[in-house]
Amino acid sequence: YWRVPLRDSQTGTAVEFRPAQATSARNGDSDGDGLAPRVLVLHGLGDDATYPLWPWLEALASRGLQAISIDWDGHG
């Protein structure tokens, strides 16, 4: 988990999933930085960065995508 800055000097938490295998330009690394394509996963009201999204984050990483989910504190 990471602490990430939010508005009004508040912070939230974030979780990142990375694929086990490095990617290449043929596999979607369009900017050549060696990282997998990135997906930002947003949660619904009353949920947090991981619940109920954990299975989705694991599934994205298992398919070669880097996924990040941020807990937007104070939204509900």
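As a basis for the values below, the full set of heavy atoms in this structure was taken, side chains included, without hydrogen atoms, waters or symmetry mates.
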Can you tell me how far the CG atom of L42 sits from the CD1 atom of I68, to the nearest 0.5 Å? 10.5 Å
Pairwise distance CD(Q66) to CZ(R38) - rounded to 0.5 angstrom: 5.5 Å
Using every non-hydrogen atom in the two residues, find where L53 and H43 come nearest and quote the distance to one decimal. CD1-CB, 3.6 Å
Is the closest side-chain heavy-atom distance between T50 and S69 below 4.5 Å? no
If every non-hydrogen atom of G64 is compared with every non-hydrogen atom of P37, which pair is closest and at what distance? O-CD, 3.9 Å
Within-4.5 Å side-chain heavy-atom neighbours: F17 and W54: yes
Over all heavy atoms of both residues, which pair between V41 and L60 is shortest? Give the atoms and the distance, please. CG2-CD1, 3.8 Å
Rounded to the nearest 0.5 Å, what separates atom CD in E16 from atom CD1 in I70? 10.5 Å
